[in-house]
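The chain is numbered in sequence order, starting from 1.
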Amino acid sequence: MKKFIVYFHGYASSPNSDKVTQLKSAYPDDYIYSFSSNIDPDIAIKEVGNNIDLALLDHINEDINITFIGTSLGAWLAAKMADLYGVKSILINPSLYPAKSLKKYNISDNICDKYTPLIITENSTFFLAKYDEVINHDELISILDSKNIKYYINEETTHRYNGKSFDEVILTIRN
């Protein structure tokens with residue numbers, strides 16, 4: 001069975017991030033996708049959903065294992081899309097309340113108000129940086145503990161979760 005992985009980049013990043021390169025290197029025989037996403041969640045959900053559907057059509061007769069991975073704001077979108085598609089997700093330093101966290105980047109209230117809180121389900125695995133300089137994860141950890149949802153805390157990485165730290169995510173996908 002081949003892996004079908006969609007990576008959702010964070011705010012001010014792109015589908016050409018180092019994480020996508022690491023995924024393609026770790027899984028050269030599998031299907032790795034990443035799409036640009038609009039800051040407006042209504043537009044992002046529709047456009048990314050269309051791109052996922054088209055990619056899935058290319059593999060309609062194949063046995064594939066689908067996983068959505070996202071970082072920060074991309075983790076919010078990955079969780080949303082995983083819920084819509086009924087697949088598992090890996091969420092790295094997710095924004096629990098994007099409507100609040102995006103305001104510090106001068107995103108308009110009109111856009112921010114469209115964001116709902118992060119969808120948290122047992123189909124998700126969480127990777128959090130202990131010393132995340134962008135997002136405080138204390139409330140998320142409390143929610144995850146109360147729902148008995150699996151998460152990992154990396155004691156060495158930052159919000160970006162790049163390089164060797166991202167290798168942890170790759171191992172989780174493999175296992």
Side-chain angles (χ1 to χ4, degrees), residues 1-11 13-38 41 43-96 98 116-129 135 137 140-141 143-145 147-154 157 159-175:
M1 177 183 307
K2 289 199 173 204
K3 294 176 185 348
F4 181 100
I5 298 170
V6 179
Y7 176 76
F8 298 80
H9 63 82
Y11 178 70
S13 187
S14 81
N16 301 317
S17 74
D18 291 341
K19 291 178 190 74
V20 175
T21 302
Q22 275 184 267
L23 286 166
K24 287 180 178 180
S25 176
Y27 302 105
D29 298 325
D30 294 301
Y31 308 116
I32 312 297
Y33 296 92
S34 186
F35 308 106
S36 292
S37 57
N38 195 292
I43 295 170
I45 291 165
K46 182 179 178 186
E47 289 179 349
V48 171
N50 287 339
N51 285 326
I52 292 168
D53 290 347
L54 289 172
L56 286 169
L57 282 173
D58 287 340
H59 309 291
I60 197 160
N61 294 319
E62 295 179 56
D63 191 16
I64 55 174
N65 182 3
I66 303 170
T67 303
F68 293 164
I69 303 171
T71 303
S72 193
L73 186 60
W76 179 89
L77 185 55
K80 182 78 168 173
M81 299 307 286
D83 188 54
L84 291 171
Y85 281 80
V87 301
K88 60 188 169 204
S89 63
I90 296 174
L91 309 177
I92 305 162
N93 291 329
S95 176
L96 184 56
T116 57
L118 178 71
I119 294 174
I120 300 172
T121 70
E122 285 112 18
N123 262 350
S124 298
T125 302
F126 292 79
F127 286 85
L128 310 173
I135 298 174
H137 297 297
L140 176 58
I141 289 170
I143 293 168
L144 295 174
D145 284 340
K147 293 184 174 200
N148 201 27
I149 295 176
K150 190 172 198 172
Y151 64 92
Y152 301 92
I153 297 178
N154 185 300
T157 194
H159 184 71
R160 289 276 185 213
Y161 224 100
N162 282 334
K164 286 197 273 184
S165 299
F166 192 68
D167 288 340
E168 293 175 28
V169 175
I170 289 172
L171 286 173
T172 298
I173 298 166
R174 187 165 284 133
N175 298 332

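One side chain, S72 or H159, offers a donor N or O that lies under 3.5 Å from an acceptor on the other. In summary, the side chains of T71 and Y7 do present a donor paired with an acceptor at a separation below 3.5 Å, with no hydrogens or angles considered. In this structure, a donor-acceptor pair under 3.5 Å is absent between the side chains of E122 and N148. A donor-acceptor contact closer than 3.5 angstrom links the side chains of N154 and E168.
In this structure, D30 contributes its side chain and I5 its backbone to no donor-acceptor pair below 3.5 Å. Checked by atom type and distance alone, the side chain of Q22 pairs as donor or acceptor with a backbone atom of G163 at under 3.5 Å. The closest donor-acceptor contact from the side chain of K80 to the backbone of I119 lies at 3.5 Å or more, if one exists at all. For W76 (side chain) and T116 (main-chain N/O), a donor-acceptor pair under 3.5 Å exists by modelled atom type. Formation of a donor-acceptor pair under 3.5 Å by the K164 side chain with backbone atoms of T157 is not found in this model.
Atom CD1 of I32 is separated from atom NZ of K24 by 8.0 Å, given to the nearest 0.5 angstrom. Atom-to-atom distance recorded for Y33:OH and L56:CG is 8.0 Å, nearest 0.5 angstrom. Annotation: the span from D167 atom CG to T172 atom OG1 amounts to 10.5 Å, rounded to 0.5 Å. Put simply, CG on N123 and NZ on K88 are 8.5 Å apart, with the number rounded to the nearest 0.5 Å. Atom-to-atom distance recorded for K147:NZ and T121:OG1 is 8.5 Å, nearest 0.5 angstrom. Note that OG of S95 and NE2 of H137 are 9.5 Å apart. Values are rounded to the nearest 0.5 Å.
Across all non-hydrogen atoms, the minimal contact from A82 to F68 is N-CD1, 3.5 Å. Closest non-hydrogen pair, L73 versus P98, comes out as CD1-CB, 3.7 Å. Between G70 and A75 the shortest heavy-atom distance is O-CB, 3.3 Å. Across every non-hydrogen atom of S124 and S89, the tightest pair is OG-OG, 2.7 Å. Between F166 and Y161 the shortest heavy-atom distance is CB-O, 3.4 Å.
Using a 4.5 Å heavy-atom threshold, the side chains of S37 and F8 count as separate. Under the 4.5 Å side-chain criterion, counting only non-hydrogen atoms from C-beta, V87 is not in contact with T67. No side-chain heavy atom of L91 sits less than 4.5 Å from a side-chain heavy atom of Y151. At least one side-chain heavy atom of I141 sits less than 4.5 Å from a side-chain heavy atom of I153. Side-chain contact between F35 and E47 is absent, with no heavy atoms from C-beta onward closer than 4.5 Å. The side-chain heavy atoms of I143 and L96, taken from C-beta on, include a pair separated by under 4.5 Å. Within the 4.5 Å cutoff, the side chain of D53 has heavy atoms near those of the Y85 side chain. By the 4.5 Å heavy-atom criterion applied to side chains, L23 and I173 are counted as neighbours.
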Check: Hey, mind stepping through F4 and E62 against side-chain contact (heavy atoms from CB on, under 4.5 Å) and telling me if it holds?
Finding: CA-CA 10 Å; F4 181 100; E62 295 179 56; over 6 Å; no
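The side-chain contact (heavy atoms from CB on, under 4.5 Å) with Y152 is formed by just one residue from the set V169, T125, L128; it is T125.
Crowding of K2 atom NZ: a count of heavy atoms from other residues, nucleotides or ligands under 6.0 Å exceeding 12.
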